[in-house]
Amino acid sequence: MDSKTRMQRILEVIRDIPRGSVASYGQIAEIAGIPRGARQVGYTLRNLPDGHTVPWYRVVQASGKIAFAPGSRQYAEQQKRLAKEGIAARKGRIDMHKYRWQPDLDELLWKPSASWDEQ
DNA sequence: CTGATGACTATAG
DNA sequence: CCTATAGCCATCA
């Protein structure tokens, strides 16, 4: 089925978010090849089956805010897990400039043989 | 098929 | 910074 493939691509991307970094729903969707699919990412995470190993807590809103309501159980859980990776959430907000995942840059760092002089 | 939903987002005030 | 609003789009009922 097609919807299943889409969901799997979303989960794959989330699993690729490195420890210590975060990505936005829209960013995940775009990387997964689903432009404007931010809500679908949220939908997918919302229905994660028990026993999953998806780092859902590394996904936040584009603004850097945690998507859960302040005071909720999940809000606290996410903030706690992020803190464990060295990501501080001040008032439920994360410094995206500092922690936003940049897959392209990651690849360049792992493949220094690529053209550097292009800038 | 139709209308409602929502772990979203960009924009305006 | 915050709220309000309008797009968005796969799923659901």
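Proteins come first, then strands; the chains are lettered A, B, ... in the order of their sequence lines, and each starts at number 1.
- Between I94(A) and A89(A), the shortest heavy-atom contact is CG1-CB, 4.0 Å.
- To the nearest angstrom, P of dA10(C) lies 17 Å from CG of L11(A).
- Computed from coordinates, the M7(A) CE to dA7(B) C1' distance equals 15 Å when rounded to whole Å.
- Y99(A) pairs by the side chain to side chain donor-acceptor pair (under 3.5 Å) definition with nothing, not counting sequence neighbours.
- Protein atom OH of Y25(A) is 14 Å distant from nucleotide atom P of dA10(B), rounded to whole Å.
- The side chain to side chain donor-acceptor pair (under 3.5 Å) test applied to E77(A) returns R81(A), not counting sequence neighbours.
- Residue pairs meeting the salt bridge (Lys or Arg N to Asp or Glu O under 4.0 Å) criterion with at least one partner in residues 66-75 of chain A, sequence neighbours excluded, do not occur; the list is empty.
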In a table with atom names and distances, give each donor-acceptor pair under 3.5 Å that connects a side chain of residues 55-71 of chain A to protein atoms at least two apart or in another chain.
from: Y57(A); atom 1: OH; to: E85(A); atom 2: OE2; distance (Å): 3.1
from: R58(A); atom 1: NE; to: I17(A); atom 2: O; distance (Å): 3.4
from: R58(A); atom 1: NH1; to: E85(A); atom 2: OE1; distance (Å): 3.0
from: R58(A); atom 1: NH1; to: E85(A); atom 2: OE2; distance (Å): 2.6
from: R58(A); atom 1: NH2; to: I17(A); atom 2: O; distance (Å): 3.4
from: S63(A); atom 1: OG; to: K65(A); atom 2: N; distance (Å): 3.4

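- Listed in residue order, the members of residues 32-65 of chain A having a heavy atom less than 4.0 Å from DNA chain B are A38(A), R39(A), Q40(A), G42(A), L45(A), R46(A), W56(A), Q61(A), A62(A).
- For the pair I14(A) CD1 and dA7(B) P, the computed distance is 14 Å after rounding to whole Å.
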Please tabulate, one pair per line, all N/O donor-acceptor pairs under 3.5 Å involving side-chain atoms of residues 43-53 of chain A, not counting sequence neighbours.
from: Y43(A); atom 1: OH; to: N47(A); atom 2: ND2; distance (Å): 3.4
from: T44(A); atom 1: OG1; to: Q40(A); atom 2: O; distance (Å): 2.9
from: N47(A); atom 1: ND2; to: Y43(A); atom 2: O; distance (Å): 3.2
from: H52(A); atom 1: ND1; to: V54(A); atom 2: N; distance (Å): 3.3
from: T53(A); atom 1: OG1; to: R15(A); atom 2: NH1; distance (Å): 3.2

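- Within residues 74-99 of chain A, no residue has a heavy atom under 4.0 Å from DNA chain B.
- We find that CD1 of I10(A) is positioned 11 Å from C1' of dC9(C), with the value rounded to whole Å.
- When the side-chain nitrogen and oxygen atoms of R6(A) are compared with OP1 and OP2 of dC9(C), none of them lie within a distance under 4.0 Å.
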Side-chain donor-acceptor distances from residues 27-39 of chain A under 3.5 Å, at least two apart:
from: Q27(A); atom 1: OE1; to: S24(A); atom 2: N; distance (Å): 3.3
from: Q27(A); atom 1: NE2; to: W101(A); atom 2: O; distance (Å): 2.7

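- Note that the CZ atom of R9(A) and the CD1 atom of I14(A) stand 13.0 Å from one another [nearest 0.5 Å].
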